[in-house]
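Notes follow the structure.
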Amino acid sequence: MHLTGDHTFDAPIQSVWDTLLDPDIIAACMPGKEKFEQIGPDYFEAAMRIKVGPINGSAVGRVRLAEQEPPRRYRMIVEGKGGIGNATGSGVLTLSEQAGKTVVAYDGDVQVTGRVASVGQRLMGMTAKVMINQFFKCMEDKVPRSE
């Protein structure tokens with residue numbers, strides 16, 4: 001499944017970068033979060049509840065941030081598993097300044113197997129978009145407006 005999109009923040013690029021990499025803020029904004037903790041430099045462990053159509057359950061996973069080019073881009077590598085299925089993937093977040101605002105663009109791929117994959121790509125894609133939008137909307141309230 002391919003995920004792509006963007007979100008605009010009314011804040012300077014450094015403020016958005018710092019917020020996107022703050023583990024406490026990520027934990028506060030992660031939809032369905034049951035646990036989110038840093039287990040090493042740029043390495044996190046998470047547990048969350050997921051609902052995709054009629055399929056719902058908990059999953060655990062790991063997230064690693066790589067190829068960082070502050071404050072412009074980083075790669076996020078994820079792997080997760082649970083009773084509803086397994087997922088692996090990676091994507092790049094790119095930050096750019098436009099008219100005093102910061103645009104965060106994301107582009108990535110995730111492979112999903114198990115029960116959750118049975119609901120189909122379209123429903124999984126819609127659910128992923130909703131979760132991504134919830135995450136970014138929450139982040140809006142956390143980003144300082146000035147550097």
Side-chain angles (χ1 to χ4, degrees), residues 1-11 13-96 101-145:
M1 173 174 56
H2 187 76
L3 298 170
T4 186
D6 60 67
H7 189 87
T8 301
F9 290 87
D10 188 12
I13 193 167
Q14 188 65 51
S15 295
V16 175
W17 175 268
D18 292 343
T19 302
L20 287 173
L21 294 176
D22 185 312
D24 294 331
I25 296 174
I26 295 169
C29 290
M30 197 169 97
K33 175 201 65 99
E34 293 178 333
K35 176 181 100 170
F36 186 83
E37 60 187 39
Q38 190 163 4
I39 57 174
D42 303 319
Y43 201 48
F44 306 89
E45 197 166 70
M48 59 191 295
R49 295 236 11 111
I50 301 170
K51 180 170 177 22
V52 181
I55 310 287
N56 67 68
S58 291
V60 296
R62 294 193 174 193
V63 177
R64 184 169 60 90
L65 305 181
E67 301 169 22
Q68 293 184 37
E69 298 172 18
R72 299 285 176 193
R73 75 181 290 282
Y74 64 87
R75 176 173 297 281
M76 180 183 295
I77 301 159
V78 298
E79 60 181 48
K81 60 183 174 180
I84 62 173
N86 300 327
T88 58
S90 74
V92 174
L93 274 77
T94 306
L95 287 70
S96 60
K101 299 182 181 198
T102 301
V103 177
V104 177
Y106 59 89
D107 186 29
D109 291 290
V110 64
Q111 295 75 43
V112 181
T113 61
R115 286 186 15 221
V116 73
S118 70
V119 300
Q121 294 290 321
R122 183 181 161 125
L123 188 53
M124 282 192 309
M126 288 188 312
T127 301
K129 279 279 197 192
V130 166
M131 292 175 73
I132 291 166
N133 288 337
Q134 287 174 345
F135 175 80
F136 281 131
K137 282 300 250 182
C138 177
M139 282 283 183
E140 281 180 14
D141 295 333
K142 310 290 187 198
V143 177
R145 299 292 184 244

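Here the structure is a predicted model, which is why all the values come from computation and not from measurement.
- The shortest distance between side-chain heavy atoms of Phe136 and Leu20 falls below 4.5 Å.
- Of all heavy-atom pairs between Val110 and Ala87, the closest is CG2-CB, 4.0 Å.
- Listed by chain and number, the residues in a side-chain contact (heavy atoms from CB on, under 4.5 Å) with Asn133 amount to none (sequence neighbours excluded).
- In this structure, CG on Leu93 lies 10.0 Å from CZ on Arg73, to the nearest 0.5 angstrom.
- Listed by first and then second residue, the salt bridge (charged side-chain N to carboxylate O under 4.0 Å, His left out) pairs that reach into residues 75-96 are Glu67-Arg75, sequence neighbours excluded.
- Every side-chain contact (heavy atoms from CB on, under 4.5 Å) that Asp107 has, sequence neighbours left out, goes to His2, Thr4.
- Every pair passing disulfide (SG to SG under 2.5 Å) that includes a residue from residues 107-144 is listed here, sequence neighbours excluded: Cys29-Cys138.
- Residue Ile55 comes nearest to Ser118 through the heavy atom pair CD1-OG, 4.4 Å, listed as atom of the first residue, atom of the second, then distance.
- Taking CD1 of Ile84 as the start and CZ of Arg115 as the end, the distance is 7.0 Å to the nearest 0.5 Å.
- With sequence neighbours excluded, the residues forming a side chain to side chain donor-acceptor pair (under 3.5 Å) with Asp18 are Gln14, listed by chain and number.
- Judged by distance alone, the side chain of Ser15 and the main-chain N or O of Val143 form no donor-acceptor pair under 3.5 Å.
- Side-chain atoms of Met139 and Ile26, non-hydrogen and from C-beta on, do get closer than 4.5 Å to each other.
- Atom CG of Leu65 is separated from atom CG of Leu21 by 6.0 Å, given to the nearest 0.5 angstrom.
- Shown here for Ala105 and Asp6, the closest heavy-atom pair between the two residues is CA-CB, 3.9 Å.
- If you take OG1 on Thr102 and NE2 on His7, they are separated by 11.0 Å, rounding to the nearest 0.5 Å.
- Shortest non-hydrogen contact noted between Met48 and Pro31 is CE-O, 3.2 Å.
- The list of salt bridge (charged side-chain N to carboxylate O under 4.0 Å, His left out) pairs with a residue in residues 31-54, not counting sequence neighbours, reads Lys35-Glu45, Glu45-Arg62.
- Here the side chains of Thr19 and Pro144 are in contact, with some heavy-atom distance below 4.5 Å.
- Listed here is the closest heavy atom pair of Ile77 and Ala66: CD1-CB, 4.1 Å.
- Between Phe36 and Phe44, the two ring planes are parallel [angle under 30°; tilted spans 30° to 60°].
- From Thr94, atom OG1 reaches atom OH of Tyr74 across 10.0 Å, with rounding to the nearest 0.5 Å.
- For Ala28, the side-chain contact (heavy atoms from CB on, under 4.5 Å) partners two or more places apart in sequence, or in a different chain, are Lys142.
- For the residue pair Ala117 and Met124, the shortest heavy atom distance occurs at CA-SD, 4.0 Å.
- Contacts of Arg72 classified as salt bridge (charged side-chain N to carboxylate O under 4.0 Å, His left out), with partners at least two apart in sequence or in another chain: Glu97.
- Applying the salt bridge (charged side-chain N to carboxylate O under 4.0 Å, His left out) test to residues at least two apart or on different chains, none of the pairs has a partner in residues 126-136.
- Applying the side-chain contact (heavy atoms from CB on, under 4.5 Å) rule to Val78 yields the partners Val63, Met76; only residues at least two apart in sequence or on another chain are considered.
- Here the CD1 atom belonging to Ile132 is positioned 4.0 Å from the OH atom belonging to Tyr106, to the nearest 0.5 angstrom.
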